[in-house]
Each structure stands twice: as C-alpha cells, then as structure tokens.
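Bear in mind the structure is a predicted one, so any value in this text is a computation, not a measurement.
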Amino acid sequence: MQASVGGVDETNVCQLASQCKIGIPIRWGKRGRGTRGPHENALLPVPFPGQGQLLRQPLLRGSSKQGRLWRGQLPTAAYKPPANMSSSFHALAALLLLSFFIASMADFSKDVDITWGDQRAMVTNNGQQLSLSLDKTSGSGFQSKQEFLFGRFDMKIKLVPGNSAGTVTAYYLSSQGPLHDEIDMEFLGNLSGQPYTLHTNVYAQGKGNREQQFHLWFDPTADFHTYSILWNPQQIMFYVDGALIRVFRNHESSGVSYPSKQAMRMYSSLWDAEDWATQGGRVKTDWTKAPFTASFRDVSFNGCVWTGSSSSCGPSISGWMNQAAVTSDLQKMEWVQKNYMIYNYCNDAQRFPQGLPTECSLS
C-alpha cells in the first residue's frame with residue numbers, strides 16, 4: 001500500500017533520498033514514558049494557496065536495532081507559517097468548536113495535581129491558567145486528580161514560541177502498568193520558522209504503533225488553541241479547534257485491541273527530548289533560550305469518573321458517550337489529512353512487512 005500526497009508517490013520519493021535510512025534511538029522522558037514509535041517516510045504536505053509554503057522533503061526512515069525502536073525526524077525544510085486563514089475557515093472552525101464544546105471549565109488549583117517540576121509549574125488567574133517551564137535542570141508536569149473511564153477532554157494550549165527545538169509539550173490520557181492504555185497528543189518543537197509536529201498515538205493493553213502526525217494550519221505559539229480528545233466505547237476522536245483530525249474506531253470484534261476497560265487520568269508535561277525530538281536529534285536544545293514555557297487554560301474534564309470499582313457519569317453524558325463523526329466532521333478530517341498529515345502508520349507497508357495492522361483495512 002503506497003501513500004501519496006498531491007499525486008506524488010511517497011515511497012518512490014523516499015527511495016531516492018539518502019536520508020531515508022537514518023534514525024536515532026528512542027529515549028525515555030520525564031513525562032514518565034517517552035514518545036514511542038518510529039516516524040517513517042512521508043512527505044511534507046502542500047497547503048492550500050496562501051496558507052503557507054512547504055518544501056516537499058521525505059521524513060527520515062526509522063528502523064529497529066537490538067530490539068529498540070528507532071525514530072527518524074524531519075530534515076530541515078523551508079517553511080513559512082500561514083499568515084492567515086480565510087474568514088470562512090475561521091467561521092467554520094468557530095462553529096464546530098461551539099457545537100462540540102459546551103462544558104464547564106475545571107479549576108487548575110483544585111482539579112489537577114502538580115506532579116513534578118517544583119516552581120516550574122505555576123497556577124495563575126484564580127486557577128484558570130497554568131504554565132509549565134523547562135530549563136536545563138528539569139521540566140514540569142501535572143495530572144488530573146480524577147481518573148475517567150470514557151469522556152471528552154478539552155484544553156487550550158499556547159506552545160513554546162521561538163526556537164523550541166528539543167522540547168516536547170505532551171497532552172495525553174493514560175492508565176498505569178505494563179499493559180496500560182494511552183491516548184496521545186504530543187507537540188514536537190522545532191527551530192524558529194519551522195513547523196511543530198503534532199504526534200498522535202493510541203495504546204491499548206500496552207500495544208501502540210498507531211501513529212499519525214500532522215503539521216498545523218496556524219502558528220500554535222501565537223495564541224491559545226483548543227486541543228480535544230473524545231473517548232467513548234465506539235471510537236476515539238482527536239480535534240484541533242473543533243476540527244476533527246483523526247478517528248480511531250473500536251474494532252475489538254475483529255481482534256483489534258481498544259482502550260475500553262482501564263480508567264485513565266489526563267496528563268500534561270513539558271520536557272527535554274533533544275536526543276530525538278527535532279530532526280532526529282541532530283538539532284539540540286539551545287539552553288541559552290531557557291526557560292521554555294508553555295501555557296494552558298480552559299481545561300475541561302467531561303467524563304465518567306472512576307471510583308475504583310465503578311464509574312459515575314454526569315448529566316452531559318448524552319453529548320459525547322454515543323457521539324460519532326458526522327459528514328461535516330469527516331469532510332474537515334479529509335481536508336486536514338490531505339493537506340497537513342505527514343505520517344500515517346496505515347500507509348507504511350515497509351514498516352509492516354507481514355501486512356498492515358488489521359484496523360487499517362476496516363472502515
């Protein structure tokens with residue numbers, strides 16, 4: 001199965017590039033678990049006219065060595081962040097976000113615990129905003145006080161501006177233990193003027209390797225943007241500013257593992273991953289720019305609270321428990337994936353020589 005963007009076959013392009021075989025080992029990070037899974041060959045997408053300029057270049061090729069996963073990263077690419085988007089796009093995004101997200105905000109001072117980083121994590125604005133900082137000594141992070149078995153999770157994030165190379169801002173759900181479940185949204189920093197990479201993944205019973213990666217159609221450091229995870233028994237849906245970017249459906253009946261039995265907390269952290277995060281680790285963190293700071297606000301946990309033996313769901317459960325993507329959601333997702341997806345594990349036949357994962361052939 002070969003992937004193409006804009007009619008150009010990615011596999012052929014990668015075969016012509018000497019960089020395609022380069023990778024570096026995964027490191028375990030301060031977030032408690034390092035981001036896992038190789039970032040395989042793909043092309044930078046071409047946005048719509050006027051929405052930025054991207055130079056097509058292949059991602060570096062990952063491989064395995066001595067039982068460790070290796071990951072490749074983007075080579076240096078000419079990128080100019082979009083100056084602005086059309087008014088119609090902004091209007092659509094606003095409507096999608098409004099219809100998707102009507103919930104009361106949590107309070108950072110009451111509803112989360114600062115788990116590490118000491119004074120590098122600061123709650124301000126009467127509990128409505130939180131900042132995480134990273135310096136050469138340590139990063140920082142927090143987690144929700146409650147565990148949830150299904151829910152909708154929304155948070156506005158303003159990412160590290162300027163030269164963010166080597167940094168990772170993580171926002172994810174996770175259970176505990178070697179067979180843990182996890183739903184990831186992670187933002188891999190880059191040099192000034194180069195795009196962030198939004199890395200998504202789904203783990204079930206300790207098994208991941210379900211990566212999709214994206215660039216964004218806006219500058220995520222200039223202002224706050226809403227990143228959302230909707231997790232119900234039927235599917236997991238990832239949103240950016242109310243626009244659907246990915247769906248992972250429950251195919252347990254076909255033998256595909258799905259996170260449906262373990263309660264998870266919401267976590268977020270800012271940590272140093274200069275060994276691999278930017279261009280395969282070739283670009284290191286510039287510590288003269290420290291401290292690096294990411295900001296968070298308008299966090300919402302709208303889910304079924306786990307009490308240890310059962311879960312208790314609030315009155316808004318009908319809004320998300322059975323929610324599925326409608327036609328307008330799927331149209332937006334198709335547009336995002338066509339123009340801004342830079343890696344999809346379901347298109348990577350070289351990575352799975354015995355055949356693509358089962359879910360890749362299911363609707």
Side-chain angles (χ1 to χ4, degrees), residues 19 22-36 38-39 44 52-55 57-60 62 70-83 114 116-122 130-142 157-172 184-199 213-216 218-225 227 267-296 342-343:
Q19 301 101 322
I22 300 173
I24 62 108
I26 286 181
R27 305 297 184 188
W28 294 88
K30 281 278 194 169
R31 57 166 286 196
R33 282 173 296 278
T35 308
R36 291 147 295 198
H39 299 262
L44 299 182
Q53 300 172 4
L54 289 169
L55 175 65
Q57 293 191 27
L59 285 173
L60 305 184
W70 285 44
R71 72 190 307 153
Q73 290 294 322
L74 289 169
T76 302
Y79 174 80
K80 181 179 180 181
I114 306 300
W116 61 288
D118 299 322
Q119 299 304 311
R120 295 172 185 83
M122 300 289 292
L130 185 150
S131 64
L132 296 178
S133 293
L134 165 69
D135 56 38
K136 201 167 185 178
T137 301
S138 178
S140 50
F142 64 91
I157 306 174
K158 185 177 181 181
L159 296 175
V160 174
N163 184 354
S164 58
T167 70
V168 173
T169 304
Y171 165 41
Y172 61 107
D184 289 336
M185 296 183 81
E186 297 182 300
F187 303 86
L188 313 184
N190 214 330
L191 293 167
S192 298
Q194 300 288 318
Y196 264 86
T197 295
L198 170 54
H199 173 88
Q213 290 187 319
F214 305 83
H215 287 156
L216 298 169
F218 51 84
D219 180 357
T221 72
D223 203 351
F224 286 89
H225 291 270
Y227 303 94
Y267 297 83
S268 194
S269 58
L270 175 59
W271 54 288
D272 173 36
E274 67 174 1
D275 286 348
W276 58 264
T278 305
Q279 299 180 29
R282 290 180 291 137
V283 178
K284 304 298 184 183
T285 305
D286 182 357
W287 293 110
T288 66
K289 307 296 184 183
F292 303 97
T293 301
S295 300
F296 307 80
I342 60 172
Y343 177 72

Does the side chain of Phe292 reach to within under 4.5 Å of the side chain of Ser164, using non-hydrogen atoms? no
Any donor-acceptor pair under 3.5 Å linking the side chain of Ser295 with the backbone of Ser131? no
Heavy-atom closest pair (Ala170 atom, Ser268 atom, distance to 0.1 Å) is O-OG, 2.7 Å
Going by the salt bridge (charged side-chain N to carboxylate O under 4.0 Å, His left out) test, which pairs reach into residues 157-171, not counting sequence neighbours? none
Checking Asp219 side chain against Thr221 main chain: does a donor-acceptor pair fall under 3.5 Å? yes
Closest contact, heavy atoms only, Ala165 versus Asn163: N-OD1, 3.2 Å
Could you tell me whether the side chain of Thr285 reaches within less than 4.5 Å of the side chain of Lys136, counting heavy atoms only? no
If we ignore hydrogens and angles and just use 3.5 Å, is the side chain of Asn190 paired with the main-chain N or O of Pro195 as donor and acceptor? yes
Distance check, rounded to the nearest 0.5 Å: Leu159 atom CG versus Leu216 atom CG? 8.0 Å
Separation between CD (Glu186) and OG (Ser269), nearest 0.5 Å, reads 7.5 Å
With a 6.0 Å cut-off on the ring centroids, do Phe296 and Phe142 count as close? yes
Arg120 vs Pro291 side-chain heavy atoms within contact, under 4.5 Å: no
Side-chain donor or acceptor of Tyr196 paired with backbone N/O of Val160 under 3.5 Å: yes
Heavy-atom distance under 4.5 Å between the side chains of Leu134 and Trp287, does that happen here? yes
Measure the shortest side-chain to side-chain distance between Leu132 and Thr169 over non-hydrogen atoms and say whether it is less than 4.5 angstrom. no
Under 3.5 Å donor-acceptor, Gln213 side chain and Tyr343 backbone: no
Can you name the nearest heavy-atom pair linking Pro161 to Thr293, along with the distance? CD-O, 3.9 Å
Between His215 and Thr197, is a side chain to side chain contact (heavy atoms under 4.5 Å, CB included) present by the stated rule, with each step listed? CA-CA 5 Å; His215 287 156; Thr197 295; 3.6 Å; yes
Could you check whether any side-chain N or O of Ser140 sits under 3.5 Å from a backbone N or O of Ser133, counting only pairs where one atom can act as donor and the other as acceptor? yes
So, the side chain of Tyr227 versus the backbone of Ile157: is there a donor-acceptor pair under 3.5 Å, distance only? no
If you define the side chain from C-beta out and look only at heavy atoms, does anything of Thr167 sit under 4.5 Å from Glu274? no
List for me each residue that meets salt bridge (Lys or Arg N to Asp or Glu O under 4.0 Å) alongside Asp286, sequence neighbours excluded, and say none if there are none. none
